[in-house]
2 protein chains.
Amino acid sequence: MAQEGTSDGTVGKALDVLDMVAQANRPVRFAELLAQHTFPKATLYRFLQTLTNQGMLRYDDERGTYALGVRLVRLAHSAWAQSSLAPIARRHLDALSAETNHTIHLAQMDHGQVLYVDKRNAAQPVEMYSSAGKVGPAYCTGVGKAMLAFMPEAAVRAAIERQSFHRFTDKTLNSAPRLMDELHLIKSRGYAFDNEEHEPGIICCAAPIISGSGRVLGAVSMTSTTSRSTLDELGKLAPRLKETAARIAAEAESWGFPEQI
Amino acid sequence: MAQEGTSDGTVGKALDVLDMVAQANRPVRFAELLAQHTFPKATLYRFLQTLTNQGMLRYDDERGTYALGVRLVRLAHSAWAQSSLAPIARRHLDALSAETNHTIHLAQMDHGQVLYVDKRNAAQPVEMYSSAGKVGPAYCTGVGKAMLAFMPEAAVRAAIERQSFHRFTDKTLNSAPRLMDELHLIKSRGYAFDNEEHEPGIICCAAPIISGSGRVLGAVSMTSTTSRSTLDELGKLAPRLKETAARIAAEAESWGFPEQI
DNA sequence: CCCTTTGGTTCCATTAAGTGAAACTTAGTC
DNA sequence: GACTAAGTTTCACTTAATGGAACCAAAGGG
């Protein structure tokens with residue numbers, strides 16, 4: 001998808017290769033990667049070697065495939081702890097989840113996409129990582145819209161540029177103008193709804209987490225299904241949701257959380 | 001800790017810098033990093049710039065600190081899904097956890113250290129990432145010893161070289177010879193115990209996950225406390241533990257799981 | 001208030017490293 | 001056994017990394 005623009009230097013290119021393997025979501029062969037990239041054979045080959053040496057990739061001798069390496073998992077543990085809202089938000093999410101009995105998501109913005117960093121599933125035990133680290137579109141998720149609505153105009157424009165506006169359901173807001181209208185509405189209301197815009201039957205209500213200086217740090221959402229709840233019912237819980245967001249923001253502040261770009 | 005030996009090329013050095021930030025476990029200032037490395041100022045500076053541009057690091061303007069970036073979390077999601085045993089092992093861990101009511105860990109070997117990739121906590125809900133991605137010493141954990149005991153001799157020697165043999169408790173096996181003896185015992189027994197060697201009051205029983213071709217893929221463990229269980233009691237469950245390990249191995253095989261180095 | 005120190009950023013000639021076309025080596029195929 | 005596709009290595013060429021030193025800014029101290 002995103003070809004990361006003009007990458008800076010060798011390191012940038014290597015990381016592009018890493019992303020490419022990640023996006024495949026399965027072990028990939030050399031030739032597949034070669035086909036996707038503009039890199040000449042030898043160059044790509046060396047990058048793969050280097051990354052494998054470094055433990056960022058793993059090479060399967062028998063199959064001749066590359067997959068992401070475990071070193072990334074280790075790094076990510078630190079990244080998650082250092083640089084996501086999750087550790088700060090944990091107890092607030094726990095509380096909200098227990099009270100409302102809805103599925104709770106915590107998300108942040110990453111290069112115009114929604115990055116889920118934590119999750120609470122009221123019904124059954126949490127499936128680890130199945131959610132944290134996952135990315136989703138910004139324009140048709142509650143958390144995405146909640147964040148966009150409160151971001152500075154320039155950032156929103158930049159983010160919208162990056163959207164592909166795929167029509168997931170017939171309720172998806174699949175154009176920039178429609179999205180902008182919605183964002184204004186959200187800003188005045190203070191929170192966002194997702195009315196089956198991403199997945200049929202799935203609705204949610206999301207509130208942005210905003211720092212004292214007015215910057216968007218992330219968003220929290222409550223998700224339900226049309227069979228279990230209505231948007232109105234979720235809306236009734238919005239004050240509680242906003243309260244949670246506010247508490248997280250306050251704690252992030254005092255904890256010195258670095259603001260997102 | 002581990003200075004990763006002679007890094008290959010620019011990319012390797014950049015990744016070293018990344019690791020350095022990760023190991024700090026908190027936002028770090030430029031000067032701190034400079035002190036730890038042999039890199040000249042300008043070089044380190046450029047690396048930090050590049051990594052920040054790439055979203056691997058995040059720079060906090062106000063504090064002048066660097067922290068790991070969210071791009072890592074995204075990458076790790078893929079890494080975990082592609083390249084750890086966790087997705088394969090999930091249902092087996094669920095079953096074992098439900099049956100035994102003990103805390104279950106799933107771990108793999110990464111550069112001579114134990115990398116926990118999944119966890120089941122019988123008592124309270126799983127704390128996400130608090131465990132997955134965490135690393136621990138190989139020489140004084142059940143999973144670590146279980147894996148070492150069944151690894152080829154050369155690999156074990158290499159791994160032991162990397163151990164620092166810190167004495168966590170008075171039961172820690174804090175020397176290579178003592179560890180080697182224990183490994184032989186474990187190999188003949190088929191599974192490992194951790195008798196409060198890492199943390200006082202914490203005991204565990206661990207079995208290696210071994211592929212059809214005899215290579216160590218990872219390990220599973222059941223953990224308990226001395227106040228709740230004895231080693232003997234855990235030992236009684238060892239057959240069930242080994243069965244779980246075997247099932248995971250079998251599934252990894254049919255699924256084409258790439259073998260660890 | 002100026003001078004010094006510390007921490008961070010930029011410059012630029014030097015040098016090392018990345019590059020990529022092409023040659024080569026397998027491993028399959030027909 | 002010749003042919004093809006996939007992967008690996010080579011090497012002259014070119015670009016990018018290097019790092020000493022200069023520079024800047026802010027904090028501290030006399």
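We name chains A, B, ... by the order of the sequence lines, and we start the count at 1 in each one. None of these values were measured; they are calculated from a predicted model.
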When the distance from CG of B:L34 to C1' of D:dG20 is rounded to whole Å, what number comes out?
-> 14 Å
How many angstroms lie between OG1 in B:T10 and CZ in B:F47, if you round to the nearest 0.5 Å?
-> 6.0 Å
Between CZ of A:R29 and C1' of D:dT8 the distance, given in whole Å, is 14 Å
Check the distance between D:dT9's C1' and A:Q49's CD and give it to me in whole angstrom.
-> 10 Å
Within this structure, what is the CG-to-P distance between B:L44 and D:dA21, rounded to whole angstrom?
-> 19 Å
Determine, for B:R247 against B:E251, whether the closest basic-nitrogen to carboxylate-oxygen distance falls under 4.0 angstrom.
-> no
Taken to the nearest 0.5 Å, the spacing of A:D118 CG from A:Q108 CD works out to 10.5 Å
So, is B:Y45 close to the C:dG8 phosphate, meaning a side-chain N or O under 4.0 Å from OP1 or OP2?
-> no
Do A:L106 and A:R90 have side chains that get closer than 4.5 Å, going by heavy atoms?
-> no
Do A:Y66 and A:F30 have ring centroids that are under 6.0 Å from one another?
-> no
Do B:R74 and A:D19 come within less than 4.5 Å of each other through their side chains, counting heavy atoms only?
-> yes
Find the distance between CE (B:M56) and CG (B:L75) and round it off to the nearest 0.5 Å.
-> 5.5 Å
Name the pairs: protein N/O against N/O of nucleotides 17-21 of chain C, kept only if under 3.5 Å.
from, atom 1, to, atom 2, distance (Å)
C:dG18, OP1, B:T10, N, 3.0
C:dG18, OP1, B:T10, OG1, 3.2
C:dT19, OP1, A:K13, NZ, 3.2
C:dG20, OP2, A:T43, OG1, 3.3
C:dG20, N7, A:R46, NH2, 3.4

I'd like a list of close polar pairs between nucleotides 28-30 of chain C and the protein, N/O only, cut-off under 3.5 Å.
none

Can you tell if the side chain of A:E199 reaches within under 4.5 Å of the side chain of A:F168, non-hydrogen atoms only?
-> no
If we only count heavy atoms from C-beta on, is the B:I209 to B:V216 side-chain gap below 4.5 Å?
-> no
How large an angle, rounded to 10°, do the end axes of the helix from C:dC1-D:dG30 to C:dC30-D:dG1 enclose when each is built from five base pairs?
-> 20°
CD on A:E153 to CG on A:L183, rounded to 0.5 Å | 11.0 Å
